[in-house]
> 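I am attaching a structure below and will ask some questions about it afterwards.
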2 protein chains.
Amino acid sequence: MEPAGTGLGREGERMAAVDLSTHPGHLARRLQQAHSLLWGAMVSEETTSPQFAVLNALLEKPGMDQRTLSEHVHLDRSTIADIVARLAGRELVERVRDPADGRRNVLKLTEYGRRVHGKLVTRTGRMNRVFLAPLDGEERETLLRLIARVAGAAEELRG
Amino acid sequence: MEPAGTGLGREGERMAAVDLSTHPGHLARRLQQAHSLLWGAMVSEETTSPQFAVLNALLEKPGMDQRTLSEHVHLDRSTIADIVARLAGRELVERVRDPADGRRNVLKLTEYGRRVHGKLVTRTGRMNRVFLAPLDGEERETLLRLIARVAGAAEELRG
DNA sequence: CAGAAATACTCAGCACACTGAGCAATTCCT
DNA sequence: AGGAATTGCTCAGTGTGCTGAGTATTTCTG
């Protein structure tokens, strides 16, 4: 299965360097980085992609608390707190303490937040077409499906 | 080509929420995050995946300066400086001013750095098998190839 | 050879993303 | 009802990753 898998170099080489282009983690980082650069150029410099994910989730399910939101967009509770604080500071999101349960922050989009989301949806569609331009329709679908499968499985490993 | 592409909601909905699982950027972030979690559990808590990429590049081409290194691993010059500083602090990497060109830092692995790299290579192989376990052999190859194509093309867009 | 351009790096500032510790509020159990 | 466990959030600390400004060194040009 592995022709020269362990990478025993010739002569006195102790351990050969590895080809990073076969490492999914390295590729994932490059992909994410390339995406975030393109996002800044084609979608928005103010609102980042994770921020958009939060806006989108809150449009779909207003009234969520931060924990539920964090599960929804697959982000850490602390990270969500940071992002929500920034969005609240920019008046895109309204965050109020739940009077019925004093632990929770109840989150909703503001009218302005809905407007911004709408604008970003359009631009995001354009950007995704450019981003995936090197692939044909079937390849695009395959890529998204395979990433979702690997990411989903890895996320399962630690609830 | 797009059955209901623009997402015009029924009734008075202004702009429907989007399905993030069709957004490569969101999936890329999840993939990277899941990977980094698994890395911490299966490979190393001290040495991160980008740090390993740097060690690996320096094993392959000792004597590089930071700029060359940054192109090699697709990381920013500032980010490389941070990472190299951490690795140098842990005595994994030797960083000396080039006497022939006082602008450059010449970088090399220490003997200790080579030992650490060797240990990580083995563990990284194990981890990658677990990470990609949900896919069969052909799917793995496809996933890596498609990511590399999209990332490479996007990196081209801005030299 | 002196000034200008290019190169390599550093530094500050911001955003994301995690862990672990701690606080406050609620719920559960006796 | 009262103490324990759970839940939701915040805060501090670390690492990754970018931009933009600034510094030092080398190279290019007149």
Side-chain angles (χ1 to χ4, degrees), chain A residues 25-26 28-41 44-54 63-71 73-90 95-107 154-155 158, chain B residues 25-26 28-41 44-54 63-71 73-90 95-107 151 155 158:
Chain A
H26 187 249
R29 188 187 52 70
R30 284 177 53 194
L31 186 66
Q32 209 233 318
Q33 194 47 50
H35 174 271
S36 112
L37 241 24
L38 194 58
W39 178 283
S44 170
E45 301 207 357
E46 300 85 38
T47 308
T48 64
S49 167
Q51 285 175 12
F52 172 73
V54 165
M64 275 195 286
D65 62 33
Q66 293 183 187
R67 180 165 206 85
T68 312
L69 175 58
S70 81
E71 283 161 12
V73 297
H74 299 277
L75 279 171
D76 187 80
R77 306 103 201 114
S78 297
T79 304
I80 283 290
D82 280 346
I83 293 176
V84 166
R86 268 175 227 118
L87 293 174
R90 287 170 55 209
R95 173 181 48 167
V96 292
R97 214 82 198 191
D98 187 346
D101 184 341
R103 293 169 300 183
R104 302 185 175 196
N105 286 332
V106 173
L107 307 171
E155 283 159 0
R158 19 219 109 249
Chain B
H26 187 249
R29 190 188 51 72
R30 283 177 54 194
L31 185 66
Q32 209 234 317
Q33 194 47 50
H35 174 272
S36 113
L37 241 25
L38 195 58
W39 178 284
S44 169
E45 301 206 354
E46 301 84 40
T47 308
T48 64
S49 167
Q51 286 174 10
F52 172 73
V54 165
M64 275 193 286
D65 63 32
Q66 293 183 186
R67 179 167 208 83
T68 312
L69 176 58
S70 82
E71 284 161 12
V73 296
H74 299 277
L75 279 171
D76 187 80
R77 306 104 204 110
S78 297
T79 304
I80 284 291
D82 280 346
I83 292 177
V84 166
R86 269 175 225 118
L87 293 174
R90 286 169 55 207
R95 173 181 47 167
V96 292
R97 215 81 197 189
D98 186 347
D101 184 340
R103 293 168 300 182
R104 302 184 176 198
N105 286 332
V106 174
L107 307 171
E155 282 159 1
R158 18 219 109 249

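So you know, we letter chains A, B, ... as the sequences are listed, proteins then strands, and number each from 1.
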> Working to the nearest 0.5 angstrom, can you tell me the gap between B:Arg90 CZ and B:Gln51 CD?
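B:Arg90 atom CZ to B:Gln51 atom CD measures 5.5 Å (nearest 0.5 Å).
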> Reading nucleotides 6-12 of chain C from the 5' end, what letters show protein touch, with B for base, S for backbone sugar-phosphate only, - for no heavy atom under 4.0 Å?
-BSSSB-
> Find the distance A:Asp82:CG to D:dC9:P and express it as a whole number of Å.
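Nearest whole value for this atom pair: 14 Å.
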> In whole angstrom, what separates A:Met64's CE from D:dC9's C1'?
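Taking CE of A:Met64 and C1' of D:dC9, I get 16 Å after rounding.
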> Taking atom P of C:dA15 as reference, at what distance in whole Å does atom CG of A:Asp76 sit?
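These atoms are roughly 18 Å apart.
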> Report the residue (B:Gln51 or B:Asp98) whose heavy-atom-nearest nucleotide on DNA chain D is the more 5′ of the two.
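Nearest-nucleotide comparison on DNA chain D picks B:Gln51.
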> Between D:dC18 atom P and B:His74 atom NE2, what is the distance in whole Å?
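Result: 12 Å.
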> If you round to the nearest 0.5 Å, how far is CD1 of B:Ile83 from OG1 of B:Thr47?
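These two atoms lie 11.5 Å from each other.
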> To the nearest Å, how far apart are A:Glu155 CD and C:dC18 C1'?
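Value for this atom pair: 14 Å.
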> Nearest-nucleotide wise, let me know which of B:Gly102 and B:Thr48 is further upstream toward the 5' end of DNA chain D.
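With B:Thr48 and B:Gly102 compared, the 5'-side residue is B:Thr48.
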> In terms of side-chain heavy atoms, does A:Glu155 have a donor or acceptor partner in A:His74 at a distance below 3.5 Å?
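Yes, because at least one side-chain N or O of A:Glu155 sits under 3.5 Å from a partner of the opposite role on A:His74.
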> How many Å lie between CD1 on A:Ile83 and C1' on D:dT10, as a whole number?
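Roughly 16 Å, once rounded to whole Å.
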> In the structure I gave you, are the side-chain heavy atoms of B:Arg95 and B:Leu87 within less than 4.5 Å of one another anywhere?
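Result no, sub-4.5 Å side-chain heavy-atom pair not found.
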> Of A:Asp65, A:Asn105, A:Val73, A:Thr68, which meets side-chain contact (heavy atoms from CB on, under 4.5 Å) against A:Ile80?
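Only one option passes, and that is A:Val73.
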> With heavy atoms under 4.0 Å as the rule, sort A:Thr79 into base, sugar-phosphate or nothing.
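Contact class for A:Thr79: base.
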> B:Glu45 has an atom CD; how far is it from atom C1' of D:dG15, in whole Å?
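Distance check: B:Glu45 CD to D:dG15 C1' gives 14 Å.
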> Hydrogens and angles aside, do B:Asp82 and B:Thr79 bring a side-chain donor and acceptor to less than 3.5 Å of each other?
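B:Thr79 and B:Asp82 do not have a side-chain donor-acceptor pair below 3.5 Å.
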> Let me confirm one number: the CD-NE2 distance from B:Gln32 to A:His26, rounded to the nearest 0.5 Å.
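Taking CD in B:Gln32 and NE2 in A:His26, the distance rounds to 10.5 Å.
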> Rounded to whole angstrom units, what separation is found between the CG atom of A:Leu69 and the C1' atom of D:dG8?
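Value for this atom pair: 13 Å.
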> What residues from residues 28-37 of chain B pass a heavy-atom cutoff of under 4.0 Å to DNA chain D?
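Close to the strand, none.
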> Do B:Arg77 and B:Arg67 make a side-chain contact, defined as non-hydrogen atoms from C-beta onward lying under 4.5 Å apart?
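Side chain of B:Arg77 against side chain of B:Arg67, heavy atoms only: contact under 4.5 Å found.
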> Return the NE2 to OG distance between A:His35 and A:Ser49, rounded to the nearest 0.5 Å.
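Answer for the NE2-OG pair, A:His35 versus A:Ser49, is 4.5 Å.
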